[in-house]
Amino acid sequence: MKKYAPLFIAPFFMAAAACSDGPAENAGEDMDEAVEDVTGEDQDMFEEAGENMDEAADDAEDAIEDATDEPSR
């Protein structure tokens with residue numbers, strides 16, 4: 001059963017990667033806007049963190065795809 005676990009996890013990562021801006025990046029942008037409204041400063045630190053999280057999800061998706069590819073014969 002463990003052998004098939006990536007098949008159940010992969011759709012989550014594929015859905016997360018389907019958008020140009022990932023969900024974490026969008027959440028980071030919203031948080032940055034809230035901080036900017038309060039402080040008046042535009043730092044984009046949460047957006048950058050979200051981009052890093054989305055990139056990590058993309059990397060995980062690639063690793064899952066590589067792990068589930070059938071070996072060449």
Side-chain angles (χ1 to χ4, degrees):
M1 186 68 178
K2 288 182 182 181
K3 173 175 151 176
Y4 298 106
L7 296 176
F8 297 108
I9 297 170
F12 168 76
F13 288 110
M14 288 179 194
C19 303
S20 59
D21 285 353
E25 183 177 353
N26 289 334
E29 289 173 0
D30 292 342
M31 292 174 69
D32 284 333
E33 288 176 19
V35 169
E36 184 178 351
D37 289 344
V38 172
T39 64
E41 295 180 22
D42 184 16
Q43 296 179 346
D44 293 333
M45 67 180 165
F46 292 107
E47 181 180 357
E48 185 176 328
E51 289 172 358
N52 291 337
M53 291 173 61
D54 289 334
E55 186 177 323
D58 290 342
D59 291 345
E61 177 187 2
D62 291 343
I64 289 170
E65 288 177 6
D66 290 345
T68 58
D69 285 345
E70 292 192 26
S72 301
R73 293 181 185 212

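Atom-to-atom distance recorded for E47:CD and D30:CG is 10.0 Å, nearest 0.5 angstrom. For the atom pair E51 CD and D58 CG, the distance stands at 11.5 Å (nearest 0.5 Å).
The two residues D32 and F46 come nearest to each other via the heavy atoms OD1-N, 3.0 Å. Closest approach of D54 and G22 over heavy atoms only: OD2-CA, 3.0 Å.
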